[in-house]
Amino acid sequence: MAKMTAGQALAKVLVSWDIDHLYGITADSINNTVDGLYQERDKIKYIQVRHEEVGSLAATADAKLTGKVGVSFGSAGPGATHLFNGLYDAKMDHAPVVAIVGQSATPIMNTYFFQEMDQDPLFVDLTDFHKQVTNPEQIPYVMDEAIRYAYQTKGPAVVIIPDNLSGEEIDFEPYKTAKVLKPATTMNVDQKAVDQVYDLLKQAKHPVLWAGLGLKDARDEVVAFSERFSVPVLTTAPATGVMPTDHPNFMGSRGRLGTKPGFEVTQAADLIILAGTNYPFSRFLPKGIKFVQINNNVEDLGKQHDIDLTVLADAKPFLAKLNEKEPIAPTPFLKAAQKDKQNWDSWLNKVADDDHDGLAPEAVIRAIKENSDDNAVFGLDVGNNLMWSIRQLPFNHDQKLSMSAWFGTMGYALPASIAGKLSYPDRQVFSISGDGGFSMVMQDLLTQVQYQLPIINVVLENGAFGYIQHEKITASQEPYGIHFIGANWAGFADDMGAIGIQVTDRQSLKGAFEKIKELQVNGNTKPILIDAKVKNQDPVDTSFMPIDPDQFDQAAIDSYTKQSNLFDQPALSTLLKEESNS
């Protein structure tokens, strides 16, 4: 047992859980806690961000990318409230994070002191774990419990520490209790359920597998299932990469972030297997589809859609067991779906090639795809940039992505890229943002500069909130509050100590990546910002696509095709007829 400040004991607890960095801004109500981090600076790195929101978002991205708990901190009052965005993102996307929140010293609490506020009630809706310590000996104990809670619930935990308490000396001996991160038991696979799902697969003419994050470590099982039983596969957007994106059986996603083949195969399906997902938009699918749901959380079964066959199981071992069944020969439906995907990919390339009226955003994402490594990490923002990224980026090897899936907070990409580079220092890391999202957090480009993080930041400037612009147009509303002025983002990057490169056409885009390759070869340690001046082009909305001649009249089809510029895109039903007749 050794004497040390409670703040240093807190730092030792973090280190014992294999936490090697955390984010925050110091202040008078948390200085003693930060001094404890200083005492353990050789084991845990304090990343000084320029805004606590960036720190909390980066901590959440750490958790999403690595599965390890992410940690951020803030002072009492404004520091605490700035943490909320990242913490709520963690709550909605089920990421284990811990927030350390400063508080006024106990002798001046409840005296209306500077920045003093009753913080505990603020976190009631966020998490059940929001504890304010009352003596210094509690600090390491409560921190240890907070980390365990975050792992158990896959969500946020909050520890509030009056500053004077973390500065007091205590006797501390490291805890011997094992750092258990996973449940001790797993569910057995029910053979009867396996047989039932297989029987439904044999009966179906148009089966589809819809995979979620519950299958993020089951790529081999998903690919084997798709190939063995001739089933097209979709993923939810945050689960992109569960199926290799270049696999002919992978259709992409459905919805605003989706694809034409993703929409069409689910519209035509007679059996949908929801595996490892509680996909909310399944409630909007056509009637008459049989549903199977495989999920290890009983609460999620049937939550979004009435289910014909529910399977309480971990989806990965269940698919592995199912894959032992006899294969099903390729069907006309699968072959038509594969052609639909090929046509869609070709169409995206044609859109990218068309720069007669300005640089297409698709061209920028394609250039990133062509110049990214097989283990690249992508931090993705919210908006049209996310639509283009999900549709085109490669997730077919060991690439990783982090996005704000359910909370949908703009400004996520840059913090996520900081987390990506700190967690995977030897990998190529990108942030991809619109100018709206980037301008919310642009000050923390300085954090990348300060810590010599050679991240490639891509800003798609179209001078508008493009994602909302589409909603305004669809609702026949005026585009009020949509447009804003741009900036010389490349010049901004240069002034911040980064490397700025402006691109306006495909030629300058090519030159930008040639320069980046040269910088990488020469051991560049500065962040790079590609300032891409793109045309304000509305991405095709794939959430509903009236293009099937069996369901819509030609006038409606022509109107949608012209509006969406969907040239050379026959409907899946047309392709299916061709396959059935061949």
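This chain uses plain numbering: 1 for the first residue, then up along the sequence.
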Distance-only side-chain donor-acceptor flag, Ser346 / Asn349, under 3.5 Å: no
For Ser433 and Asn385, test the side chains for any donor-to-acceptor distance below 3.5 angstrom and give the result as yes or no. no
Looking only at heavy atoms, which two atoms of Thr245 and Leu393 are closest? And how far apart? OG1-O, 3.9 Å
Could I get the full list of side chain to side chain contact (heavy atoms under 4.5 Å, CB included) partners for Asn536, not counting sequence neighbours? Asn462, Ala464, Gln469, His483
Phe263 versus Phe544, closest heavy-atom pair with distance: CE1-CA, 3.7 Å
Considering all heavy atoms, the nearest His397-Arg219 contact: O-NH1, 2.8 Å
Shortest non-hydrogen pair, Val208 vs Val265, comes out as CG2-O, 3.7 Å
Okay, side chain of Ser226, backbone of Val231: is any donor-acceptor separation there less than 3.5 Å? yes
Hydrogens and angles aside, do Asn85 and Thr409 bring a side-chain donor and acceptor to less than 3.5 Å of each other? yes
So, does Asn249 use its side chain to make a donor-acceptor pair with the main chain of Val233 at under 3.5 Å? no
Over 60° means perpendicular and under 30° means parallel, so tell me whether Tyr88 and Phe84 are parallel, tilted or perpendicular. parallel
Using atom types as modelled and distance alone, determine if a side-chain donor or acceptor of Glu264 lies under 3.5 Å from a backbone N or O of Leu572. yes
Quick one: which of Ile25, Asp444, Leu445 gives a side chain to side chain contact (heavy atoms under 4.5 Å, CB included) with Arg50? Asp444
Check for a donor-acceptor pair, side chain of Ser417 on one end and backbone N or O of Leu414 on the other, with a separation under 3.5 Å. yes
Salt bridge (Lys or Arg N to Asp or Glu O under 4.0 Å) between Asp217 and Lys316: does it pass, once the steps are laid out? CA-CA 8 Å; Asp217 297 321; Lys316 178 177 179 175; over 6 Å; no
Where do Leu380 and Tyr412 come nearest, in terms of heavy atoms and distance? O-CD2, 3.5 Å
Show the numbers, then the answer: is there a side chain to side chain donor-acceptor pair (under 3.5 Å) between Asn375 and Tyr424? CA-CA 10 Å; Asn375 66 349; Tyr424 300 98; over 6 Å; no
Might you work through the side-chain contact (heavy atoms from CB on, under 4.5 Å) test for Phe378 and Ile368, ending with a clear yes or no? CA-CA 10 Å; Phe378 298 94; Ile368 297 171; 3.8 Å; yes
Donor-acceptor pair, Ser439 side chain versus Gly436 backbone, under 3.5 Å? yes
Partner residues of Thr259 under the side chain to side chain contact (heavy atoms under 4.5 Å, CB included) criterion, sequence neighbours left out: Pro261, Trp344, Arg391
Donor-acceptor pair, distance only, cut-off 3.5 Å: does the side chain of Ser253 make one with the backbone of Thr235? yes
Can you name the nearest heavy-atom pair linking Glu221 to Asn323, along with the distance? O-ND2, 3.2 Å
Backbone N/O of Asp373 and side chain of Gln428: donor-acceptor pair under 3.5 Å: yes
Would a distance-only check, ignoring hydrogens and angles, find a side-chain to backbone donor-acceptor pair under 3.5 Å from Asp531 to Ile501? no
